[in-house]
Amino acid sequence: MHAYRTHKCAELRKDQAGQTVKLSGWIHRKRDHGGVLFIDLRDTTGITQCVVDQDSPLLTEIEKCRVESVITITGRVKTRQEGTVNRDLATGEIEVYIDDLTIQSQADVLPLQVADADAAGEDVRLKYRFLDLRRDAMHNRIRLRNNIIRSMRQRMWDQGFQEFNTPILTASSPEGARDYLVPSRLHPGKFYALPQAPQQFKQLLMVSGFDRYFQIAPCFRDEDGRADRLAEFYQLDMEMSFVKQEDIFATMTPVIDGVFKEFADWTGTPHRVEWLPNMAYNDAILKYGSDKPDMRNPLAICDVTDVFKREDVTFNAFKGIIEKGGVVRAIRCPQVAGQPRSFFDKLNDWARGEGAPGLGYILFEGAEGKGPIAKFVPTAAQEELKKIAGLKDGDAIFFVCDMEGKAAKLAGRARDKICDDLPTGHACAREKGVYKFMWIVDFPMYEFDEKSGKIDFSHNPFSMPQGGLEALNGPDPLKVMATQYDCVCNGFELASGGIRNHKPEIMERAFAIAGYSRDVLEKKFGGMLDAFRFGAPPHGGCAFGIDRIVMILANEPNLREVYAFVMNGAYEDPMMGAPTDPTPQQLKDLHLKVVLPAKVESVEKKAQKSA
RNA sequence: GCGGGCGUAGCUCAGCUGGUUAGAGCGCCUGCCUGUCACGCAGGAGGUCGCGGGUUCAAGUCCCGUCGCUCGCGCCA
């Protein structure tokens with residue numbers, strides 16, 4: 001007989017009754033009835049009930065074992081008597097009478113309960129992650145993650161993609177985030193960067209003629225965390241040669257569609273998978289106030305600046321901003337005449353919390369518009385609003401007024417907030433049970449950076465500008481579109497990608513517009529430029545955030561639920577103690593000296609602020 | 001860097017307008033119990049109410065500061 005087990009804990013059935021078996025696992029629960037002791041023995045497959053009788057010499061020994069101790073038992077499988085069968089357990093028709101016991105590992109008193117569903121705080125869970133991970137829900141999510149990645153791999157292989165590994169110690173890449181740096185011992189004063197994405201490597205693989213690349217790629221970015229953002233994460237990264245944007249969509253849409261359909265019902269709630277037509281970036285910003293709109297929200301935004309420009313409209317708060325170049329964006333919200341005043345007041349308070357003066361609205365109920373700003377908008381102007389926004393009796397329209405970028409963004413947030421505040425069952429409440437996908441296309445190549453007062457790349461500087469060199473040489477670079485796209489699902493940006501710029505002369509011009517000289521370009525991306533001078537195929541690709549996909553399919557609001565080991569919100573690992581202080585010898589080897597921020601100064605600053 | 005929320009037993013949390021000895025469930029310890037499966041019953045241990053200061057006759061509760069966690073903004077595909 002095997003040293004530890006003949007069966008797993010979810011395996012035994014009536015058929016094995018009478019057999020002598022060996023099981024190993026954790027004591028999930030103990031139920032001590034004095035004369036008879038039940039033990040739920042657990043491994044990752046499930047649970048088997050084991051029994052010790054009063055007359056057994058093992059009773060005292062096994063009573064000593066706390067839950068979560070690891071034991072190996074040898075015993076006889078018996079069919080349970082009628083009335084004692086547990087239908088909730090796969091092994092519920094049998095139980096194992098323990099004849100022999102080996103305690104493999106005694107468990108101390110636990111800092112968090114494994115068997116109980118009640119969740120401990122995240123700091124405790126992360127510190128004792130090995131215990132947290134024992135819980136059923138964590139096992140299931142980690143298994144889901146594994147299955148999703150397996151499915152992605154298979155689907156990529158099936159389409160002729162080759163899987164690669166690319167360097168982790170590399171040079172800074174052109175994304176805008178801060179790099180994690182690793183000091184070089186052999187090259188005093190120099191640092192490697194951890195990849196924000198294998199962007200240049202995958203492009204170089206295209207230049208090398210591999211045609212179809214993919215990787216489950218680790219990526220690192222040194223920016224502050226969020227519930228859906230971590231310092232290190234994984235992407236389904238892909239790139240292919242001789243393709244247009246449509247080819248990338250045609251390749252990846254079925255992969256993602258397939259993965260989502262395969263796991264759509266994992267939570268137990270069935271979900272549909274829907275793909276909406278591609279949407280231009282500018283339309284997304286105008287109509288939804290976001291480049292990753294949640295299309296389960298049926299509310300839409302429109303521009304009503306012209307209405308507030310009218311002479312008969314006397315709402316000066318907006319007029320002043322419009323004169324300075326601002327815009328008025330409006331959200332039509334159908335059938336809210338029945339909502340109490342507090343519905344509107346709460347939204348107004350919310351807007352103030354967002355830094356806006358408020359959230360003005362007009363409610364159309366009966367002949368005339370109602371609400372705090374209705375009196376500034378005469379009937380004729382109200383009629384125009386109705387026409388533009390398609391308002392019907394019983395609808396309300398909410399207004400946001402600011403400079404274009406800010407107005408769009410706030411309107412986008414208001415659109416989501418209003419949707420969330422609608423009572424359940426309302427026709428415009430957020431749709432449930434559906435994954436709504438969309439490719440957002442035609443991102444602008446450049447944006448004007450207010451702070452530095454100059455033009456900069458708005459996304460990936462390696463994207464091919466639409467219209468090529470000719471477009472770049474046109475009068476307004478800010479109007480140039482990049483061949484750049486995102487894949488969006490339920491308000492999450494799942495992927496980003498582009499058709500790349502493989503022509504050195506276009507690249508030089510593209511970087512020149514953003515203020516990078518030829519020298520800088522040559523110095524930073526010389527390897528890649530070189531590559532494009534020796535015969536590069538047109539190519540493009542994208543990268544899907546795997547963690548976000550798992551998070552959405554697991555219906556978890558937090559990325560940390562879908563990783564086995566993970567850092568907290570401040571990017572510390574309470575279990576491993578990372579990050580750590582280096583030893584003096586380590587610093588010496590790396591030719592480094594640590595200069596800590598001056599605490600005294602920051603205390604003074606705070607004192608000044610509070611004064 | 002900024003803003004919101006939270007911080008009370010090992011864990012999850014209650015504790016009202018300040019008022020006697022700070023509570024519950026789970027866990028832990030002891031005892032009882034032959035059929036439970038979140039077993040049950042009886043008893044017990046366990047608290048710097050995050051920390052520091054202030055107001056008050058009196059602070060878990062109010063005020064100020066500070067630290068930690070968390071969510072968000074900035075930042076970031």
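Chain A is the first sequence line, chain B the second, and so forth, proteins listed ahead of strands; every chain is numbered from 1.
Counting distance only, with no hydrogens placed and no angle test, the side-chain atoms of A:Arg87 and the base atoms of B:rC37 include no donor-acceptor pair under 3.5 Å. On a pure distance criterion of 3.5 Å, no polar donor-acceptor pair joins the side chain of A:Arg221 and the base of B:rC76. Side-chain atoms of A:Arg226 stay outside donor-acceptor range of the base of B:rU70, with no qualifying N/O pair under 3.5 Å. The base of B:rC37 is paired with the side chain of A:Asn86 by a donor and an acceptor separated by under 3.5 Å. Put simply, the side chain of A:Glu95 and the base of B:rG35 share a donor and an acceptor less than 3.5 Å apart. Between the side chain of A:His33 and the base of B:rC39 there is at least one donor-acceptor pair of N/O atoms closer than 3.5 Å. A donor-acceptor contact under 3.5 Å links the side chain of A:Asp224 to the base of B:rG74. Evaluation of atom-type donor-acceptor distances gives no pair under 3.5 Å for the side chain of A:Gln113 against the base of B:rU12.
Residue A:Arg80 is in base contact, counting any heavy-atom pair closer than 4.0 Å across all strands shown. A:Gly34 comes within 4.0 angstrom of a base, heavy atoms only. Within the nucleic acid shown, A:Glu82 has no heavy atom closer than 4.0 Å to any nucleic acid atom.
A sub-4.0 Å separation between OP1 or OP2 of B:rC29 and a side-chain N or O of A:Arg66 is present.
In this structure, the nucleotide among B:rU36, B:rC39, B:rC75 sitting nearest to the side chain of A:Arg29 is B:rC39. Counting only heavy atoms from C-beta on, A:Val36 has its side chain closest to B:rG35 among B:rG35, B:rC69, B:rC11.
When base pairs are accepted only as Watson-Crick or G-U wobble with both N-N or N-O distances under 3.5 Å, RNA chain B takes part in stems of 3 or more pairs at B:1-7 with B:67-73, B:10-13 with B:23-26, B:28-32 with B:40-44, B:50-54 with B:62-66.
A:Asp32 and A:Lys30 are not joined by a salt bridge, as no carboxylate oxygen comes within less than 4.0 angstrom of a charged side-chain nitrogen. Under a 4.0 Å N-O distance rule, the pair A:Arg145/A:Asp547 qualifies as a salt bridge.
The distance between atom CD1 of A:Ile47 and atom P of B:rC39, rounded to the nearest whole Å, is 10 Å.
For A:Arg31, the salt bridge (charged side-chain N to carboxylate O under 4.0 Å, His left out) criterion is met by A:Asp40, not counting sequence neighbours. Residues satisfying the salt bridge (charged side-chain N to carboxylate O under 4.0 Å, His left out) criterion with A:Arg141, sequence neighbours excluded, are A:Glu556, A:Glu561. With sequence neighbours excluded, the residues satisfying side-chain contact (heavy atoms from CB on, under 4.5 Å) with A:Met576 are A:Asp573. The side chain to side chain donor-acceptor pair (under 3.5 Å) search around A:Asp421 returns A:Lys417, not counting sequence neighbours.
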Going by atom type alone, with no hydrogens or angles, which donor-acceptor pairs under 3.5 Å involve a side-chain atom of residues 64-71 of chain A and a protein atom two or more places apart or on another chain?
unit_1, atom_1, unit_2, atom_2, d
A:Arg66, NH1, A:Ala107, O, 3.1
A:Glu68, OE1, A:Arg42, NH2, 2.9
A:Glu68, OE1, A:Arg134, NH1, 2.9
A:Glu68, OE2, A:Arg42, NH1, 2.9
A:Ser69, OG, A:Arg66, O, 2.8
A:Ser69, OG, A:Ala107, N, 2.9

